[in-house]
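Notes to accompany the following structure.
A, B, ... follow the sequence lines: proteins, then strands. Residue 1 opens every chain.
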Amino acid sequence: MNLSNKLKYWYLENKRHLPWRETKDPYAIWLSEIILQQTRVIQGLPYYEAFLKTYPTVFDLANAPEDDILRLWQGLGYYSRARNLHETAKKVAFEYNGSFPNNYKDLILLKGIGDYTAAAIASIAFDEVVPVVDGNVFRVLSRIYGITSDISAGATKKEFQQLAQTLIPQNNPALFNQAIMDFGAIQCTPKSPDCSACPFIKECIAYQTNQVDKLPIKISKVKVKNRYLDFLIFVDQNNCTLIEQRTQKDIWQKLYQFPVIDRFENKKADINSIIQTQYAKINVQNITLMNPKQIVHVLSHQKLHIHFWLINTADVLTEGVQWSELNKFGFPIVIHNFIQSYSNYITNQTLP
DNA sequence: AAACCGGGGAG
DNA sequence: CTCCCAGGTTT
């Protein structure tokens, strides 16, 4: 039996039952694919349900304010996905009358849809015979065929695409693509794969040569920069505070935050003098460091060292937002979590 | 080709 | 602690 047939039978026995597998609606399939980029199924599932409930059609999503979409995306990370999601929704709704392009070539032209996602939507929603190549496919094929190329190299991706193109069946490409990804996620896992129950145990080069734990080979190394953030939480007599939207091309673009002192040098911020110079208009009563033990928040390329400062003022912050209204804004998850745990302290001066 | 972009969970 | 997840965009 050939590889695609073995995969099919494995899949029919072991597949995960996921809501986006119960539909052929391109909108729902597109939504699921964007959410699942660099995201585990278990983490993306509640967001998929929430988005489909809040925005049942591409028109609902297109007509929504970007801030609402970012707030619903809050905590999922890679926020450019949410911004691109909105841009593509508007294009599909208003330029294509709500109909998604029905093929790989046109899908890949849309914002937020790259090689993988175009192939996934084209095959799953429209039965186009085009293979997906994601982390699961790299792992499964590199092991079965004993491919030792560096998967972080662009040429290697083409190599895997060509191989997958020879394997994907003409009759049910959607099943093949989902099967190979589920197989990689459930059985041929990065660590401790279940080789004893594997249908490819006889032909898997990696297993036969005892190098399952060495494949796939990935060389690229990311260097993580340290970054130091001191958030300034001004609170006036009416429990109003100052927030701002991040606009720079940087992490968390278009999410909200408290005013911040932001630097890449490990140098203690002189909060008092900074407030006196940059916020001279505000009549400060007292300044409290809320977390003497810094919060460390790790991103893929940055390690954030964070302090939150409570700054009471007798003034009325006319540009401020009521503390109880903060949940109407999308924050980076580290700030959101801080707000949740310190709300009582800030509004009632009681310890968390 | 390389840099950049979140957050979480497994081992 | 390290690794990596149904990747994509920008430089």
Can you list, pair by pair, the side-chain donor-acceptor contacts under 3.5 Å of residues 327-338 of chain A, counting residues two or more places apart and other chains?
{"residue": "K328(A)", "atom": "NZ", "partner": "E325(A)", "partner atom": "OE1", "Å": "2.7"}
{"residue": "H336(A)", "atom": "ND1", "partner": "Q74(A)", "partner atom": "NE2", "Å": "3.1"}
{"residue": "N337(A)", "atom": "ND2", "partner": "I333(A)", "partner atom": "O", "Å": "3.3"}

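Comparing dC5(C), dA6(C), dG7(C) by their closest approach to the side chain of P190(A) singles out dC5(C). Checking dG8(C), dG7(B), dG6(B) against the side-chain heavy atoms of I333(A) singles out dG7(B) as nearest.
Contacts between residues 176-187 of chain A and DNA chain B, counted as heavy-atom distances below 4.0 Å, involve no residue at all. Within a heavy-atom distance below 4.0 Å of DNA chain C, the residues of residues 69-86 of chain A found are Y78(A), N84(A). Taking a 4.0 Å limit (strictly below) on heavy-atom distances, residues 130-144 of chain A reaches DNA chain C at D134(A), G135(A), N136(A), R139(A). Heavy-atom distances under 4.0 Å link DNA chain B to H297(A), L299(A), S300(A), H301(A), Q302(A) of residues 293-304 of chain A, given in residue order. Residues of residues 26-37 of chain A that place a heavy atom closer than 4.0 Å to DNA chain C, in numerical order, are E33(A), L36(A), Q37(A).
Hydrophobic side-chain contacts under 4.5 Å tie L289(A) into a cluster, directly or through other members, with L232(A), F234(A), L242(A), I261(A), I271(A), I274(A), I275(A), Y279(A), I282(A), V284(A), I287(A), W309(A), I311(A), L317(A).
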Protein-nucleotides 9-11 of chain B N/O pairs under 3.5 Å:
none

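Sorted by first and then second residue, the ring-ring contact (aromatic ring centres under 6.0 Å, His included) pairs with a member in residues 172-198 of chain A read W10(A)-F183(A), F183(A)-F200(A); sequence neighbours excluded. Residue pairs meeting the ring-ring contact (aromatic ring centres under 6.0 Å, His included) criterion with at least one member in residues 108-152 of chain A, sequence neighbours excluded, are F138(A)-F160(A). Counting only residues at least two apart or on different chains, the salt bridge (Lys or Arg N to Asp or Glu O under 4.0 Å) pairs with a member in residues 145-167 of chain A are D115(A)-K157(A).
Taken from OG1 in T277(A) to CG in N272(A), the straight-line distance is 10.5 Å, to the nearest 0.5 Å.
The separation of dA10(B) from dA6(C), taken at their P atoms, amounts to 13 Å, rounded to a whole angstrom.
In this model, a donor atom of one side chain and an acceptor atom of the other lie less than 3.5 Å apart for R139(A) and N136(A).
For NZ of K15(A), the number of neighbouring non-hydrogen atoms (other residues, nucleotides, ligands) closer than 6.0 Å is greater than 12.
With sequence neighbours left out, Y78(A) forms a ring pair (Phe, Tyr, Trp, His ring centres under 6.0 Å) with no residue at all.
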